[in-house]
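Within every chain, numbering begins at 1; the chains are lettered A, B, ... in the order of the sequence lines, protein sequences first and strands thereafter.
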Amino acid sequence: MQSKLHVNLGSLSFESPIVAASGCYGYGIEYKDVADPRHLGGFVTKSISLTRWKGNPPPRLTEVGHGLINSIGLANMGVEEFVNEVAPQFPALQTRKIVSVACKVMEEYEEVVARLEDAEGIDGYELNISCPNVKEGGMAFSQNPAVTEELVRRVRKRTNRWIMAKLTPNVADVAPGAKAAEAGGADALSLINTVVGMAVDWKSRRPRIATVTGGYSGPPIKPIALAKVWQAYNAVSVPIVGMGGITTWSDVVEFMIVGASAVQVGTALYAVPGLPEKLNKELLNYLDQEGIKYLSELVGSLKTDRAASVGVPS
Amino acid sequence: MQSKLHVNLGSLSFESPIVAASGCYGYGIEYKDVADPRHLGGFVTKSISLTRWKGNPPPRLTEVGHGLINSIGLANMGVEEFVNEVAPQFPALQTRKIVSVACKVMEEYEEVVARLEDAEGIDGYELNISCPNVKEGGMAFSQNPAVTEELVRRVRKRTNRWIMAKLTPNVADVAPGAKAAEAGGADALSLINTVVGMAVDWKSRRPRIATVTGGYSGPPIKPIALAKVWQAYNAVSVPIVGMGGITTWSDVVEFMIVGASAVQVGTALYAVPGLPEKLNKELLNYLDQEGIKYLSELVGSLKTDRAASVGVPS
Amino acid sequence: MKVLETGRITRIQEIRPGIFSLWASAPEICSLAVPGQFVHVRIKDQFLPLLRRPLSIGRVEENQLELVWRVVGEGTRLLGQLGAGDDIDLLGPLGHGFTIPDDAEQFLLIGGGLGMPPMVYLYNHLTMRGRKATLFLGVRGRDDIPLSDDDPILSQARIVAENGEGFRKGLVTEPVNELLDELATKSTLTNTALYSCGPWGLIGALQRTIPQQSLLLTEVSLEQQMGCGIGVCQGCAVEAEGGPTPYRLVCSDGPVFDLFSVEVPGAK
Amino acid sequence: MKVLETGRITRIQEIRPGIFSLWASAPEICSLAVPGQFVHVRIKDQFLPLLRRPLSIGRVEENQLELVWRVVGEGTRLLGQLGAGDDIDLLGPLGHGFTIPDDAEQFLLIGGGLGMPPMVYLYNHLTMRGRKATLFLGVRGRDDIPLSDDDPILSQARIVAENGEGFRKGLVTEPVNELLDELATKSTLTNTALYSCGPWGLIGALQRTIPQQSLLLTEVSLEQQMGCGIGVCQGCAVEAEGGPTPYRLVCSDGPVFDLFSVEVPGAK
Ligand SMILES: Cc1cc2nc3c(=O)[nH]c(=O)nc-3n(C[C@H](O)[C@H](O)[C@H](O)COP(=O)(O)OP(=O)(O)OC[C@H]3O[C@@H](n4cnc5c(N)ncnc54)[C@H](O)[C@@H]3O)c2cc1C
Ligand SMILES: Cc1cc2nc3c(=O)[nH]c(=O)nc-3n(C[C@H](O)[C@H](O)[C@H](O)COP(=O)(O)OP(=O)(O)OC[C@H]3O[C@@H](n4cnc5c(N)ncnc54)[C@H](O)[C@@H]3O)c2cc1C
Ligand SMILES: Cc1cc2nc3c(=O)[nH]c(=O)nc-3n(C[C@H](O)[C@H](O)[C@H](O)COP(=O)(O)O)c2cc1C
Ligand SMILES: Cc1cc2nc3c(=O)[nH]c(=O)nc-3n(C[C@H](O)[C@H](O)[C@H](O)COP(=O)(O)O)c2cc1C
Ligand code: FES
Ligand code: FES
């Protein structure tokens, strides 16, 4: 029997809607000592590029209030080492394995995907076209719908595997980019990547991360993420994977209500590697309490006829 | 002798860099019982339109974590009542009085400003072209640099008073809009207006504000605001008034370091109407401690050669 | 007139599970307040919670005022952690209180759960002036009564509990309507003023059951999410007739409105 | 091997103004740890603070480990509010500890302020095994000593205080270099291993004054803002030689690095 938490994202099914977000779960193998990956619907690897990237100079992280600003700059081992050293461990992991790909130019996305096609145990790709921390490519791809569409289309031609395009929130409107990714052939969309943010040390008058601005994540961006997911949901018909500041089961429910078919958990994993297991349990409990048969019933179920009001029973 | 907190924003001088933000200080007269307006460098009124606006249906506010989402929809009394009832009280207020103007079409901005020209005691205008909570106009003006430039230019022709254009953060890049406002003849720029955000009540599956999405303000948006102010500062040469989540004197200093010549305090005033007086005192104390002669020395003083590092004395 | 005043807590008590009563000395606010007004409370000198919390002024005795609240979220939870001797930052008194017509001979006061405190304030205010007031309280059960067991008001209030639990079982609107019927027979209904404070459900029920035209006055106190508390942010709008737009502000036009002027959310 | 383990606090004490020592039972981590490793601490079951806080493992005695920290911000402040019997959530032991060469005959350990705890762990580890170790501690003054007055280590450490205050006055690098000179005369320098943990200023000073080539081993433990603590987020990079890129990760490549492989921020 299928679990109540089972979700289908187009052609790919997941045993739980909780997916570990790119950059927050390494290459998928580091956390297995401390948290069983089977509790995850799946994970998305750190974004992989054609060659090894050294990333940005330190400091790369700064905690601000409830949130985090990072400027890792996509430091990663490159596709070659990934295919040789990491991917062979994937078939043993009982969860969905999505490889994130990030490059400077379109051709490189094609090359990296072509190289990844050689590896077994990969369930799909997430095209990171939304990183705010690199000078070339990165978020600029996702800020231009025409580029988004072409990039997805090109990768689509290279693989039969499932493709998800990861969108930036750093645009006036996410709808055109979402539609473009769908038109290009994406099986699903994920959003949001981090929000451009900045922190300053007033004492030294220096930026708190080396690249001056970076990507803001964690609970403070949740309201922004919910708005973007809702806007994307209303623009496309492919499934959406929502993320941004998720720490609790009710956050997950909220993202699903506004249109996410599944979610990713990012920054919160650093503090609580076992969070997915906890969320699964709590979600099942919620479904029981509310008498909901499948989590998927929630997707896009936002009632817009009127708003929740103070003191009005819900 | 001029106070150490004195700042010039182009042709207009302020006795303190702390200005009350539009929508958070009413029409400038409501708070005077509980907090002396003389502690403010100035205030910006609630945005005024050509006719009375009823605003959006309730609920209009929802607190989320450290932040607030609002969807007031620019409810205001309209320019006629403002000129007749409110403006006559302005000459008695010993602070800078900036009137915010928000309309649906360009012609109305011209009309409202023309009407305001009749009133005495107004030191300048803030053109709100960045409200996320109205269907027509609003933030769409600020998302389109050509429109921004024409709008500012038209208003510029109608008045000799000081003009500040208020920009939206809900764009891929604030620089083009900032340049456009400068080219149109703005004396200063203010940013950021609120960030599009959303909150959901998982129990009722309803949005927490009637318009579904609203404007996110308060401490969580500070990192976003700092990044936008820094980007605008690097794009234009007119003075910038920074805002977004300011609650402490060091927040003020941080905004100035990244390029703000003055700041606005918004949401925090609801909790602490007397905050400006406190900030002034603390800023003076900071200047003394650091041996800084004028606050204006801070403006844009960010050192970008390297970042502040953990454990490195600043 | 409204002021910012630091209230020193003189007594704080959990009177029922999750329901607190607090007395604070706040001479200025006490001297200005009338029944139906509220204070906007800053619990701690920090911006988490970001906003103040609106609470009705319960009883006022000389320099002291009472606040009674249920813990529903972080703000009310933190407030319950304070102790005698601690300070709270009060902005008040805010809003317009209840209208007390000189020619009214009967006063019906209906508190719904945590809507009771301002009714108690009004009840004391009226009875101290020799006016004839009947105080109703509707709750789900004993644990919802926002009065401590030794509170003298407890014996004076007509308590109706949905779960019974030793009280009249049912909805508070039932005895209210019985009394109204009785007053109607005595033809004193037109000299009767009715006041209520409670959840939207109660307000809706009153709208449906009260004979609108016959009473001298029908007023209710409303709640809405607030920003400033003083008419500045336009955040606390409710749908209600009587102003230049379809909306009125709970903090400054209210919190007291004519019962029949307000639109209950989701009722249509 | 690293584990997530709930540590039960057995003792917690403010040993100097703003400096705390805590002992917690954490059998698994204790059985796995070596000097130089650290734990990533979640102080409370909430996401404020958002991230864990990295703290060096101080002493390990049977099932218990010691953490010593200075209150610098919200995280370390909250940690100091815990009491005996409270639980903390530990991820560890993390990182690579110090290298202890079999052929070393002399061990010089230099703690700078709150860099002392791992030096104490290493010192105990070495002396318990009969190795000859000298422990230095550099502080500004007495209030900065991260050891309580009744700590047996206090009398064994050579303390140097910038303000004097009854200790040798000056910088800790001075007696270190005196000892190195002495060892050089005895030509035992090449059998000497030097370890340090402290602020970047100390690391810079050591780089400038230590005769790089002559020692058997020179290792320092670094600090950097951390996300995951286990090599996943790439957030804790420092400029250091020895890896495939100009950067190395404090949490997983370190926190222990060769003194001369690291680039002190802002030194250039
Ligand atoms: C004029 C007025 C008088 C009130 N008097 C009382 C009283 O005497 N006793 C009492 O127990 N409660 C009273 N309330 C309700 C009380 O303000 C809320 O219960 C309280 O604000 C909840 O705060 P929280 O942080 O605990 O809850 P949370 O749910 O965490 O609060 C989140 C946000 O929603 C707001 N909010 C939540 N519930 C309400 C509500 N019912 N009304 C207005 N804002 C709300 C909060 O102020 C806060 O901004 C009154 C409300 C108003 C408007
Ligand atoms: C491997 C390692 C071992 C450490 N061992 C000790 C120890 O034994 N005793 C001790 O007192 N301190 C130690 N530190 C430093 C300690 O982690 C910080 O003092 C602590 O994180 C500050 O948290 P806060 O919330 O109090 O301060 P805040 O300044 O509010 O913290 C804000 C953010 O910056 C980070 N941060 C601030 N200072 C440092 C720092 N020096 N190093 C790394 N991150 C920092 C915090 O973790 C947090 O994410 C160690 C750091 C590392 C990397
Ligand atoms: C340190 C760090 C590194 C990240 N690296 C990547 C990355 O390599 N690729 C990517 O698509 N997203 C990356 N992200 C973004 C996250 O996947 C996620 O979109 C974002 O953090 C918002 O979710 P959260 O608030 O749950 O963290 C990174 C985030 C953080 C905090
Ligand atoms: C309730 C509310 C109403 C607002 N109304 C206006 C407005 O009428 N005109 C405007 O330009 N900005 C308006 N703003 C935006 C603020 O002026 C300010 O740009 C924003 O809140 C960010 O600053 P803060 O984080 O300090 O509040 C409003 C903000 C809030 C919270
Ligand atoms: S709360 Fe601000 S207008 Fe009522
Ligand atoms: S802290 Fe995440 S890689 Fe080191």
Using modelled atom types and a 3.5 Å cut-off, is there a donor and acceptor pairing between side-chain atoms of B:Y216 and backbone atoms of A:I221?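 Not a single qualifying donor-acceptor pair exists.
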
Proximal component of [X], with respect to chain A [non-hydrogen, under 4.5 Å]:
X      : value
B:Y286 : side chain
B:V195 : side chain
B:S301 : both
B:I224 : both

Leading residue by heavy atom contact count with chain A [cutoff under 4.5 Å; candidates B:G65, B:G214, B:S250]: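 Most heavy-atom pairs within the cutoff with chain A belong to B:S250.
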
Using a cut-off of under 4.5 Å for heavy-atom pairs, which of B:P219, B:G197, B:A227, B:P223 has the most such pairs with chain A?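 Answer, by heavy-atom pair count under 4.5 Å with chain A: B:P223.
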
Which atoms form the tightest heavy-atom contact between B:A308 and A:P59, and what is the distance? O-CG, 3.3 Å

For B:A199 and A:L226, work out which heavy atoms get closest and say how close. CA-CD1, 4.3 Å

Can you tell me how far the [atom1] atom of [X] sits from the [atom2] atom of [Y], to the nearest 0.5 Å?
X      : Y      : atom1 : atom2 : result
B:I257 : A:K203 : CD1   : NZ    : 12.0 Å
A:W202 : B:D251 : CH2   : CG    : 11.5 Å
B:R306 : A:S204 : CZ    : OG    : 7.5 Å

I'd like to know which of A:T62, A:V253, A:V196 tops the heavy-atom pair count under 4.5 Å against chain B.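 Greatest number of close heavy-atom pairs with chain B: A:V196.
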
I'd like to verify something: which residue of A:I69, A:L298, A:V171 has the highest number of heavy-atom pairs under 4.5 Å with chain B? A:V171

Please say which of B:M198, B:R205, B:R206 ends up in a side chain to side chain contact (heavy atoms under 4.5 Å, CB included) with A:L302. B:M198

